[in-house]
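Since this is a predicted model, take the numbers as computed values, not measurements. So that the names make sense, note that chain A is the first sequence line, chain B the second, and so on, each numbered from 1.
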Protein chains: 4
Amino acid sequence: MFAKFLNLNPDKQTRIINAAMKEFAQKGFDNASTNEIVKEAEIAKGLLFHYFKNKQQLFLFAYDYGSELILNDFYQKFDATEPDFFARLRQISRLKLEILQQFPDMFHFLEVAYIDTSKVVSDELEQRKQQLIDSNLGKLFKGIDLSLFKDGVDITRIIQIMMWTFEGYNRDALKKAKLTPGVPINYESFFAEAAAYIEFFKTSFYK
Amino acid sequence: MFAKFLNLNPDKQTRIINAAMKEFAQKGFDNASTNEIVKEAEIAKGLLFHYFKNKQQLFLFAYDYGSELILNDFYQKFDATEPDFFARLRQISRLKLEILQQFPDMFHFLEVAYIDTSKVVSDELEQRKQQLIDSNLGKLFKGIDLSLFKDGVDITRIIQIMMWTFEGYNRDALKKAKLTPGVPINYESFFAEAAAYIEFFKTSFYK
Amino acid sequence: MFAKFLNLNPDKQTRIINAAMKEFAQKGFDNASTNEIVKEAEIAKGLLFHYFKNKQQLFLFAYDYGSELILNDFYQKFDATEPDFFARLRQISRLKLEILQQFPDMFHFLEVAYIDTSKVVSDELEQRKQQLIDSNLGKLFKGIDLSLFKDGVDITRIIQIMMWTFEGYNRDALKKAKLTPGVPINYESFFAEAAAYIEFFKTSFYK
Amino acid sequence: MFAKFLNLNPDKQTRIINAAMKEFAQKGFDNASTNEIVKEAEIAKGLLFHYFKNKQQLFLFAYDYGSELILNDFYQKFDATEPDFFARLRQISRLKLEILQQFPDMFHFLEVAYIDTSKVVSDELEQRKQQLIDSNLGKLFKGIDLSLFKDGVDITRIIQIMMWTFEGYNRDALKKAKLTPGVPINYESFFAEAAAYIEFFKTSFYK
DNA sequence: TATGAATGAGGCTTCATTCAT
DNA sequence: TATGAATGAAGCCTCATTCAT
């Protein structure tokens, strides 16, 4: 499908992907302009559609490209032997920070893409998200020592609550960052506060 | 600012507001079409811009109009004497359900508007949301009997977590509903499951 | 449907219809350019789509507009009392010539539109053509004195053959005209030759 | 002119010609896409323009190629000794059927090409058609026994009428076939009905 | 107050053809 | 001979907003 594109001069590939991610991240799918993308990538208008059937395919390609790259990076560093649930959460949080610092634009794009609500891509995105969750939730929490939890707590519900909590936490942090444009995000304090939430959950739900 | 509009024939006012809410709810700010709005409201194109400087003003007016109307309704029914935090949460949840059933379209619009990410309105929306939270969080939880909580728990954090939890819960429920179009939302089961989460928090954080 | 357009300043209406007919006649539906049409009509791009949902609707409107106008003109002059089949054919032929001289561009457009094969309009056109035939064939040949034909001839087949003959005759004449652009069509000789064919059929099939 | 192409690997030649004929037959000259042609032929885009200066040359080459091939086939089977005009017509009709069954796609392409109205090719096509008629009408009807016709009939006119009749007959049959896609054309009944028209002409114009 | 005609930039996409390799 | 990347003009259509009436 995208073989053509992947055979292309890598420099140009990068320019196109970066330009697309930047535009999509800034404006969302519907309002992103392919005109802006080709201008930023410094290619001719037609070329974009030589490689990608349409705007939608470009978006999804960028999404897949980015998420694969980032997941690979993540799992290379991920230690799946840690039995403590909250230690593992902290690890995940730390790895996320590292990746974010290594690929800031791509990270930003994926984060925004993840919540893009455009009808045109939302169905496909939803599938991908579900696949991601299905194939990763298992890996992330395999081998956890459940005996450390208080007896009788509904662990599924806890995980669900924590996921929503961190989603909300991320979103709010993102919003605050947007409100002070120009000021770079202070990721350390961002993750420090996340750690405080983890600590809170641990106190609440561990023996 | 909108004095002109508010002097208008009430029937026409309603038609315009409803049409705007419907279109914005369906497509988000950027992709909503003023053409569709005037068609639905059965008014002339120019009239819309006679009353509202631009699309943005219309959106924000609709937002303010809806949230004020709904908040008034809410506080008329709200019992601020209940000292039990979770009982109050249940009350809030129940009132939300009532309002939702009374003003389904307006409710839907506000819900969607709340997460609209269009640059053009997001700043203004953010202000309004912050104001709403600031001025309401106090009212909602004033007079709560904190002694019922376990000693030493950080109540602010708990509230934050619960807010994110219910945000996430709503969003997921909304998504599921979208995936089966045609099937009407079963609000009773929706709120029953919400109640289960409330119960869980109670067990976790009350003495 | 097209009420909006018909309320428009008649001069502009005419300019738009003429420009559309000219462009469609020259290039057929698919290759006609809405850009050329608006340029010729001296209106803004958007205006065309203010009146017509899309290129297709514009084409069909022009077709309906033209054929109605021409049919009305035709039937005002048509004498349905003539019992001789071939006399009536001559009459039809003569009226066609008159109309052609009165509305040359419209006539040309309709002739070309009639054989336009673009997928986008052919279905709708086919319906219209069938309706035209159904509702007109009856009128055109009602009250014909069949006893003038040789005994035993299959009159339906004769009519069919004559229709194809005149279709072919028209088409060939049109082609020849195209091959010598600039030179105006000599309609008199065109219809004189048609009369010769009518005479031939008469000799062949009348007693 | 096309020497280069004719030296090419025959398999590839065939693929290119077939792909071109298919695309032109489906969409007409203007709307045919060279992209589709190279995709179908499984050759590189540039190669097409290496062999053919442009789309127009490709089309005309395909037309010439097809018509020559089919004419050769036709004349190998054609019996020019039959003196009866209508018997010869029946023969022509039968041979046409045979060829159609042997080269369905090519036949279809030529049929459609024949009525293609694109400015870009119509002039050249017109020349070819005229040449075809000029050089073939003689062959087809040489040695006909004119004494079998009624005295005084204008045989040129008769032939002209019959040609238009069969053109119209073909076109109508083609249309009907298009209106019921999926249902294969019943060529036998198609040619049987054609035979009925031949019979009709015979009765009308023979002694 | 009310109309709806008018604007023209910008949206995405397709196209035949060229050219460096 | 063969590739397929590259071009950029042109395609149709939508849009928020303005303005004369």
Side-chain angles (χ1 to χ4, degrees), chain A residues 3-5 7-9 12-13 30-38 42-58 120, chain B residues 4-5 7-9 12 29-39 42-58 120, chain C residues 3-5 7-9 12-13 30-38 42-58 120, chain D residues 4-5 7-9 12 29-39 42-58 120:
Chain A
K4 250 199 282 184
F5 178 71
N7 284 342
L8 175 61
N9 166 357
K12 211 177 262 185
Q13 269 187 57
D30 283 326
N31 290 97
S33 158
T34 54
N35 274 340
E36 291 302 314
I37 293 173
V38 299
E42 295 180 309
I43 58 167
K45 195 71 205 284
L47 192 54
L48 193 66
F49 294 94
H50 181 65
Y51 291 117
F52 302 98
K53 207 175 59 132
N54 52 30
K55 192 180 167 186
Q56 193 190 155
Q57 294 300 318
L58 170 62
V120 185
Chain B
K4 261 197 288 182
F5 178 73
N7 284 340
L8 178 60
N9 162 0
K12 215 178 254 186
F29 178 79
D30 284 322
N31 291 97
S33 157
T34 54
N35 265 335
E36 290 303 313
I37 292 172
V38 299
K39 215 180 287 172
E42 295 178 312
I43 58 164
K45 192 74 191 285
L47 198 53
L48 194 67
F49 292 92
H50 179 70
Y51 290 119
F52 301 98
K53 206 182 81 196
N54 53 28
K55 195 178 165 185
Q56 193 191 157
Q57 295 301 317
L58 170 62
V120 186
Chain C
K4 249 198 283 183
F5 178 71
N7 284 341
L8 176 61
N9 166 356
K12 212 177 261 186
Q13 270 187 57
D30 284 326
N31 290 97
S33 158
T34 54
N35 275 339
E36 291 302 315
I37 293 173
V38 299
E42 296 181 306
I43 57 168
K45 194 70 206 282
L47 192 54
L48 193 66
F49 295 94
H50 181 65
Y51 291 117
F52 302 98
K53 206 175 60 127
N54 52 30
K55 193 180 164 184
Q56 194 190 156
Q57 295 300 319
L58 170 62
V120 185
Chain D
K4 262 197 287 183
F5 178 71
N7 283 340
L8 178 61
N9 163 359
K12 216 178 255 185
F29 178 79
D30 284 322
N31 290 98
S33 157
T34 54
N35 265 336
E36 290 303 313
I37 292 173
V38 300
K39 216 180 285 171
E42 296 179 312
I43 59 164
K45 193 73 192 284
L47 198 53
L48 194 66
F49 291 91
H50 180 69
Y51 289 119
F52 302 98
K53 205 182 83 195
N54 52 29
K55 195 180 164 184
Q56 193 192 156
Q57 295 301 318
L58 169 63
V120 186

Any idea which heavy atoms bring B/T34 and B/K45 closest together, and the distance?
OG1-CE, 3.4 Å
To the nearest Å, give me how far apart CG (C/N7) and C1' (E/dA5) are.
11 Å
Checking B/N7 now: which residues fulfil side-chain contact (heavy atoms from CB on, under 4.5 Å) with it, not counting sequence neighbours?
none
A/L8 atom CG is separated from F/dT3 atom C1', nearest whole Å, by 14 Å
Students often get this wrong, so: under 4.0 angstrom with heavy atoms, is B/K39 touching a base, only sugar-phosphate, or nothing?
nothing
Summary of protein contacts for nucleotides 13-21 of chain E, nucleotide by nucleotide, where a base hit scores B, a sugar-phosphate-only hit scores S (4.0 Å, heavy atoms)
BBSBBB---
Listed partners of D/N31 passing side chain to side chain donor-acceptor pair (under 3.5 Å), at least two apart
none
For a 4.5 angstrom cut-off between non-hydrogen side-chain atoms, does A/I37 reach A/I43?
no
Length of the CG-C1' vector between C/N9 and E/dG4, whole Å:
14 Å
Whole-Å distance, A/Q13 CD to F/dA6 C1', equals 16 Å
For residues 47-55 of chain B, which side-chain N or O atoms pair as donor and acceptor with protein atoms under 3.5 Å away, sequence neighbours left out?
from, atom 1, to, atom 2, distance (Å)
B/N54, OD1, B/Q56, N, 3.3
B/N54, OD1, B/Q57, N, 3.0
B/K55, NZ, B/F29, O, 3.0
B/K55, NZ, B/D30, O, 3.1
B/K55, NZ, B/A32, O, 2.9

Those residues at least two apart in sequence (or on a different chain) that pass salt bridge (Lys or Arg N to Asp or Glu O under 4.0 Å) with B/K39 are B/E36
Atom CZ of C/F5 and atom C1' of E/dA5 are separated, to the nearest Å, by 13 Å
Under the rule of Watson-Crick or G-U wobble with both distances under 3.5 Å, where | means paired to another strand and [ ] a crossing pair, DNA chain E maps to .||||||||||||||||||||
Would you kindly compare C/L48 and B/I43 by the position of their nearest DNA chain E nucleotide and give the one closer to the 5′ end?
B/I43
With a cut-off of less than 4.0 Å, is there a side-chain N or O of C/Y51 near OP1 or OP2 of E/dG4?
no
